[in-house]
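Below is one structure, written out as structure tokens; comments come after it.
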Amino acid sequence: MIRLSAHVSMLFTELPPLERPAAAAAAGFTFVESWWPPADDLDEWVEAVHAAGVGVSCLNADGGDIAAGERGFCNLPERDAQTFAAVHAALEIAERVACPGVNVLPGLFDPSRDRGVQLAHAAEVYRECGRMAAESGRTIVVEPINAVDVPAYLLPTPALVASFLERVDHPKVRMLFDAYHCARSGGDPIIDVATVGHCLGHVQYADCPGRGGPGTGHVSLDAFTAALASTGYSGAIGLEYSPGGPTETTLGFMRS
């Protein structure tokens, strides 16, 4: 059964990180997810998750200085050690909270290097990350992020990620399909998700345009959920939207 997951790096940010899992549970969520790090003290965050009684549906590995524009570096051989250390750290926490998936961002295209060489190296890195994840029964997911918001992103569309996954060819490396990024790229998430249903590992949602909550744009959460169900997907949908204020005021859709 598809259930909703509160992305606590976007939702409940009016509260300190360690209070967000409990706030999500009080609002009716059974799962949470997070960017990296989920809190300054990882041990305390694990305890907060357990105390709240929620599951964790996905965690990001450290993708570098996000505020400065970095989005991973799997395409850069000189940063392989950093990539593998970040994935190892995220997998360790994922195991402690029974989280099935870790999101590893591929990186930004380096115009000084051949694109094909960068993609080939990234595929090798993801293959190794898949082997790391398999040791604890986890899955690595690759997220397409639209080229409007992040112009140099290496894999901006679901179609490009699907093709890349064929190149990686590892059962523990799958796609994170984000409805907002798909729509922002000019796609139709309700139609397009069916074309990549065979390689889904996790799913996220925000409405588009605006990256707000359900009903603020033109991507129906109900229709998107139905389209997902038709692919056989039974994981969580991470709500990764900007509430624009206190999160509780945006959750009327959960009660209806």
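- L18 and I93 fall within a single hydrophobic cluster, where Ile, Leu, Val, Met, Phe, Trp and Tyr are joined by side-chain heavy atoms under 4.5 Å apart, directly or via other members.
- Residue pairs meeting the salt bridge (Lys or Arg N to Asp or Glu O under 4.0 Å) criterion with at least one member in residues 156-165: none, sequence neighbours excluded.
- Atom NE2 in H88 sits 12.5 Å away from atom SG in C129 (nearest 0.5 Å).
- Listed by first and then second residue, the salt bridge (Lys or Arg N to Asp or Glu O under 4.0 Å) pairs involving residues 101-112 are D110-R113 (not counting sequence neighbours).
- Under the 4.5 Å side-chain criterion, counting only non-hydrogen atoms from C-beta, H121 is in contact with P77.
- Between V161 and L176, the closest side-chain pair of non-hydrogen atoms is not below 4.5 Å.
- In this structure, E44 has no salt bridge (Lys or Arg N to Asp or Glu O under 4.0 Å) partners at least two apart in sequence or on a different chain.
- The cluster map of Ile, Leu, Val, Met, Phe, Trp and Tyr, joined by side-chain heavy atoms under 4.5 Å apart, puts Y180 and I66 in different clusters.
- Checked against salt bridge (Lys or Arg N to Asp or Glu O under 4.0 Å), D80 has no partners two or more places apart in sequence or in another chain.
- Atom NE2 of residue H218 and atom CD1 of residue I190 lie 9.5 Å apart, to the nearest 0.5 angstrom.
- The minimum heavy-atom distance linking V102 with A94 is given by the pair CG2-CB, 4.1 Å.
- Under a hydrophobic clustering in which Ile, Leu, Val, Met, Phe, Trp and Tyr are joined whenever their side-chain heavy atoms come within less than 4.5 Å, directly or via other members, L15 and M10 fall into different clusters.
- The salt bridge (Lys or Arg N to Asp or Glu O under 4.0 Å) analysis of residues 23-36, with sequence neighbours excluded, yields no pairs.
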Give every donor-acceptor pair under 3.5 Å between a side-chain atom in residues 237-244 and any protein atom, sequence neighbours left out.
| from | atom 1 | to | atom 2 | distance (Å) |
| --- | --- | --- | --- | --- |
| E240 | OE1 | R211 | NH2 | 3.2 |
| E240 | OE2 | H7 | NE2 | 3.4 |
| E240 | OE2 | W35 | NE1 | 2.9 |
| Y241 | OH | T250 | OG1 | 2.7 |

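- Atom NE2 of H198 sits in a crowded spot, with more than 12 heavy atoms from other residues, nucleotides or ligands closer than 6.0 Å.
- Contacts of R167 classified as side chain to side chain donor-acceptor pair (under 3.5 Å), with partners at least two apart in sequence or in another chain: none.
- Pairing each heavy atom of A227 with each of S230, the nearest pair is O-OG, 2.6 Å.
- Contact annotation: the side chain of V173 approaches that of V142 to within less than 4.5 Å [non-hydrogen atoms, C-beta and beyond].
- Across A48 and P21, no two heavy atoms sit closer than the pair O-CB, 4.0 Å.
- Applying the ring pair (Phe, Tyr, Trp, His ring centres under 6.0 Å) test to pairs two or more places apart or on separate chains, none has a residue in residues 49-84.
- To the nearest 0.5 Å, atoms CD1 (I2) and CG (L228) are separated by 5.0 Å.
- The list of side-chain hydrogen bond (donor to acceptor under 3.5 Å, both in side chains) pairs with a residue in residues 134-145, not counting sequence neighbours, reads N103-E143.
- Remark: F31 CZ to C58 SG distance equals 12.0 Å, nearest 0.5 Å.
- Residue pairs meeting the salt bridge (Lys or Arg N to Asp or Glu O under 4.0 Å) criterion with at least one member in residues 49-75, sequence neighbours excluded, are E70-R79.
- Remark: D43 pairs with R96 by the side chain to side chain donor-acceptor pair (under 3.5 Å) rule, at least two apart or across chains.
- What you find for D192 and C182 is that their closest heavy atoms are OD2-SG, 3.4 Å.
- A distance of 12.0 Å separates CG in L165 from CD1 in I140, rounded to the nearest 0.5 Å.
- Linking ILVMFWY side-chain heavy atoms closer than 4.5 Å, directly or via other members, places F164 and V141 in two distinct hydrophobic clusters.
- In this structure, N146 contributes its side chain and P156 its backbone to no donor-acceptor pair below 3.5 Å.
- Side-chain atoms of Y153 do not come within 3.5 Å of backbone N or O of L105 as any donor-acceptor pair.
- Of the possible donor and acceptor atoms, none in the side chain of S185 sits under 3.5 Å from a partner among the backbone N and O of G187.
- Rounding to the nearest 0.5 Å gives a distance of 9.0 Å between CG of L76 and CG of L154.
- Annotation for S57 and C99: closest pair C-SG, 3.8 Å, computed over non-hydrogen atoms.
- The two residues A27 and M254 have their closest heavy-atom pair at O-CE, 3.8 Å.
- Between S9 and W36, every side-chain heavy-atom pair lies at or beyond the 4.5 Å cut-off.
- Here the side chain of H202 pairs no donor or acceptor atom with the backbone of M175 at under 3.5 angstrom.
- Contact check for N75 versus L119: no side-chain heavy atoms found under the 4.5 Å cut-off.
- Between S34 and L59, some side-chain heavy-atom pair lies under the 4.5 Å cut-off.
- R3 places no side-chain N or O within donor-acceptor distance of the main-chain N or O of A236, the cut-off being under 3.5 Å.
- Side chain of R20 to backbone of L11: no donor-acceptor contact under 3.5 angstrom is found.
- Among residue pairs with one or both ends in residues 122-133, those qualifying as side-chain hydrogen bond (donor to acceptor under 3.5 Å, both in side chains) are E128-R131; sequence neighbours excluded.
- A donor-acceptor contact shorter than 3.5 Å is absent between the side chain of S163 and the backbone of A159.
- In terms of hydrophobic clustering, with Ile, Leu, Val, Met, Phe, Trp and Tyr side chains grouped at heavy-atom distances under 4.5 Å, Y205 and F29 are assigned to a common cluster.
- The closest side-chain heavy-atom distance from F253 to L4 is below 4.5 Å.
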